[in-house]
Each structure stands twice: as C-alpha cells, then as structure tokens.
Amino acid sequence: MEYKIALIPGDGIGPEIVGEAKKILDRVCEKYGHKFNYEEVLLGGASIDACGVPLTQEAIDTAKSSDAVLMGSIGGDAKTSPWYKLEPSKRPEAGLLAIRKALNLFANLRPAYLYEELKGACPLKEEVIGDGFDMIIVRELTGGLYFGERKTVEENGVRKAVDTLTYDEKEIRRIAVKAFEIAGKRRKKVTSVDKANVLDSSRLWRKVVEEVAADYPDITLEHMLVDNCAMQLVHNPGQFDVILTENMFGDILSDEASMVTGSIGMLSSASLNETKFGLYEPSHGSAPDIAGKGIANPIATILSAAMMLRFSLDLDKEADAVEAAVQQVLKEGYRTVDIMSEGMKEVGTKEMGDLIAERI
Ligand code: IPM
Ligand code: MG
C-alpha cells in the first residue's frame, strides 16, 4: 500500500527522535512491501524561525492532505529561547494548539503501561505495583480551558487574568463515545474524571457521560474526582483501564501516569478526529537540555509510529511487529540513559533505533 505521511520533526530532541521513527517506518516498508511518501511540515519554534509564525496555512494544508501526521516535539527553554520573548499567541505551543484545532483532533489517547522489563524504573513500591498496570487516558483535546476566552486586563490599577472553561454537550459526547468504544476492546471499564463537586462544566460532563454509558451496558462506568484520581494513580494504578477526562485534567494526569511507568520517554500518544486521520506524537516534550546530544529515548516516538500504523493506516500486523521489536530490545537489556539501570547496556538514540529496526 502507498501512503502519504506528514512528518513534523519540530524542536529540541524532535528531529532526532523523528529520524529514528522514520528509520523504523522505512524498515516496515521494506519488510511488508509498502511505500510511504513523506512530506516535512514546520511547527513550533522551527516554524517561527523559518516563517515568523508557529504554524502556517501551508503546514495545515500539507497535514490535511496526508493520511497521518507523525510529530516529534515542539518548544524550547522558556528562560533562554528567543521564542518566549514573543507574545503568547506567537510562541511554539500556540502552533501545537492551533494544529490540533485546525485538524479537529479532539481525542487524545495516551496509553500508560508498565513493561515487565522496566519494573525497576517504576518509582512505586513493589506492593503498590502488584501485577503491574495498563491504562489509557482519553483526553479531550480541543475544548475546555485551552480554547476558552482568555484575557489579561488592568482594573483600577490591579492586574487581572481570566481563562474560561467551556464545554458543550456535543464536545463531551463525542469524546465519551471514543472512551467507551476503546474500553469495549479492553477491560471494559471507564473512569470518568471531573471536578463535579465544584465546576458546572464537570456536572454537565458527568450527566452527558452517563447518557452515553446507557448505550454501553457491558461497560462499567465510575466517576472520580480529579484530586482523588491524582492520588489513586500512585496508590493503586492497577484499578484503571480507560480514564476519560477533559483537556486540562488530562494534561496533568497523563504526565503523572507516564512517570509511574518509569520514564516519560516510553509513552506514545495519538490525537484523532472523527475519521481515521490522526496526529501521533510522544507524550513527552522537546527536552531542550539534551537536544543534539544523541541520548534521547526514541521509543515513545517509535511507539507513536506504531499507533499510526494501527489507527490511521489499518496496518495491524506491522504495528504488532514494531511493538514486539521494542519489547525484544528491552528484553535483551538495551537502555537509553533515562531508563538505564544496573547491569543493562546503555545505548544512544541512533543505536536504539538501529536495534529496533534490526528486529522487525
Ligand atoms: C501536552 C503538552 C501540551 C499541552 C503543551 C506543549 C501545550 O503538555 O501535549 O501534553 O498542554 O497539551
Ligand atoms: Mg502535557
């Protein structure tokens, strides 16, 4: 099969890790007889440097005309990078939010599971880890606080800032449906996370989620307040299957969930619209402190490429092969520095990519 893939290397370690993911995709093409035509798209700081803005219409058009988008990471060091001297709407992150909105990528899937091989890197006690955990966070990505009206004003000499958290029932329903569909293929449990003891948006969220749940009688629904969820993630992570939540809560909880797996360098993510189209990126950021050093862990991006094969291109067998190759390399004891432990073999970004490619 022939596919068009938009590649967004982005900033920081982005170009290095996307390079390794592309190596893996090329190997998949070679082995399974596919052809991927790549087109590079600028986003974030790279786009600011080249075009003066963090996202151009041309970039949106290229992404839209592709079968899927694979991204590295965007953004730089807020203290030292000139990008952060620009007004907030012109900074790298604004480009990422804008492309999510432009492509209508409302469903962000962030799986977090513990690899048997990486148990040692998990910061939780063994009795808390138990038999391990395997959850997926389904985060609403194009609404809520991220996209509500915001402003900073001065009233009577006092500075005041406003951010608005808005959801309508359609936005809640479509993300809830995604979560229930996904739960149906997993352990059939949805934990919907909100702050319904305080927020109106959460009370509506709860009602609509319950309406959706009525269509999925075989799936267990529970509601959990976000503060409790933050605690439960480190107290008993094994209880979660699918966590469904709004944009801001999902941002925070997904970082927490990723850390309990041992390293944020391992976690992939998919951002999907109503169709098969999606943007795939690691859950971690651009790590400007280690950019260009050749030590970044490319696995999250490689696993994101596997998600792309599965969800957008329907290449399940190929996705399985990539995931199995990652597992195999870990089993053989190869580690990048972020997941390094005693007795293992430390390798750099490129070597990790080569090792995985060789095992496909
Ligand atoms: C993420 C990131 C982004 C977000 C930032 C870079 C705007 O933290 O994808 O989780 O908050 O969504
Ligand atoms: Mg985040």
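All ligand and atom numbering here is 1-based and tracks the order in the structure.
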Quiz item: Less than 4.0 Å between a side-chain N and a carboxylate O, is that true for D314 and K276?
Solution: yes

Quiz item: Around the Mg ion (ligand 2), how many protein N, O or S atoms are there at under 2.8 Å?
Solution: 1

Self-check item: Non-neighbouring partners of D163 that pass side-chain contact (heavy atoms from CB on, under 4.5 Å), sequence neighbours left out
Solution: L145, R150

Quiz item: Less than 4.0 Å between a side-chain N and a carboxylate O, is that true for K331 and E116?
Solution: no

If you look at each N/O of ligand 1, which protein N/O atoms lie under 3.5 Å away, and at what distance?
unit_1: ligand 1; atom_1: 8 (O); unit_2: D251; atom_2: OD1; d: 3.2
unit_1: ligand 1; atom_1: 9 (O); unit_2: R100; atom_2: NH2; d: 2.8
unit_1: ligand 1; atom_1: 9 (O); unit_2: R110; atom_2: NH2; d: 2.8
unit_1: ligand 1; atom_1: 10 (O); unit_2: R110; atom_2: NH1; d: 3.0
unit_1: ligand 1; atom_1: 10 (O); unit_2: R110; atom_2: NH2; d: 3.2
unit_1: ligand 1; atom_1: 10 (O); unit_2: R139; atom_2: NH1; d: 3.3
unit_1: ligand 1; atom_1: 10 (O); unit_2: D251; atom_2: OD1; d: 2.9
unit_1: ligand 1; atom_1: 11 (O); unit_2: Y146; atom_2: OH; d: 2.6
unit_1: ligand 1; atom_1: 11 (O); unit_2: D251; atom_2: OD1; d: 3.4
unit_1: ligand 1; atom_1: 12 (O); unit_2: R100; atom_2: NH1; d: 2.8
unit_1: ligand 1; atom_1: 12 (O); unit_2: R139; atom_2: NH1; d: 3.4
unit_1: ligand 1; atom_1: 12 (O); unit_2: R139; atom_2: NH2; d: 2.8

Exercise. Report the C-alpha distance between E87 and K90 in whole Å, list the side-chain angles of each, state the deciding distance to 0.1 Å, and finish with yes or no for salt bridge (Lys or Arg N to Asp or Glu O under 4.0 Å).
Key: CA-CA 6 Å; E87 63 172 272; K90 302 219 162 73; 3.5 Å; yes

Quiz item: Less than 4.0 Å between a side-chain N and a carboxylate O, is that true for K22 and D26?
Solution: yes

Quiz item: Under a 4.0 Å N-O cut-off, is there an ion pair linking E323 with R310?
Solution: yes

Quiz item: Are D67 and K4 close enough for a salt bridge, meaning some N to O gap below 4.0 Å?
Solution: no

I'd like a table of donor-acceptor pairs (distance under 3.5 Å, sequence neighbours excluded) in which one partner is a side-chain atom from residues 243-258, with atom names and distances.
unit_1: T245; atom_1: OG1; unit_2: V193; atom_2: O; d: 3.1
unit_1: E246; atom_1: OE2; unit_2: M248; atom_2: N; d: 3.1
unit_1: E246; atom_1: OE2; unit_2: F249; atom_2: N; d: 2.7
unit_1: N247; atom_1: OD1; unit_2: R139; atom_2: NE; d: 3.0
unit_1: N247; atom_1: OD1; unit_2: R139; atom_2: NH2; d: 2.8
unit_1: N247; atom_1: ND2; unit_2: L141; atom_2: O; d: 3.3
unit_1: N247; atom_1: ND2; unit_2: G143; atom_2: O; d: 3.1
unit_1: D251; atom_1: OD2; unit_2: Y146; atom_2: OH; d: 3.0
unit_1: S254; atom_1: OG; unit_2: R110; atom_2: NH1; d: 2.9
unit_1: S254; atom_1: OG; unit_2: G250; atom_2: O; d: 2.7
unit_1: S254; atom_1: OG; unit_2: D251; atom_2: O; d: 3.2
unit_1: S258; atom_1: OG; unit_2: S254; atom_2: O; d: 3.4
unit_1: S258; atom_1: OG; unit_2: D255; atom_2: O; d: 2.8

Exercise. Test salt bridge (Lys or Arg N to Asp or Glu O under 4.0 Å) on E154 and K160 and set out the steps.
Key: CA-CA 6 Å; E154 194 166 319; K160 179 170 129 182; over 6 Å; no

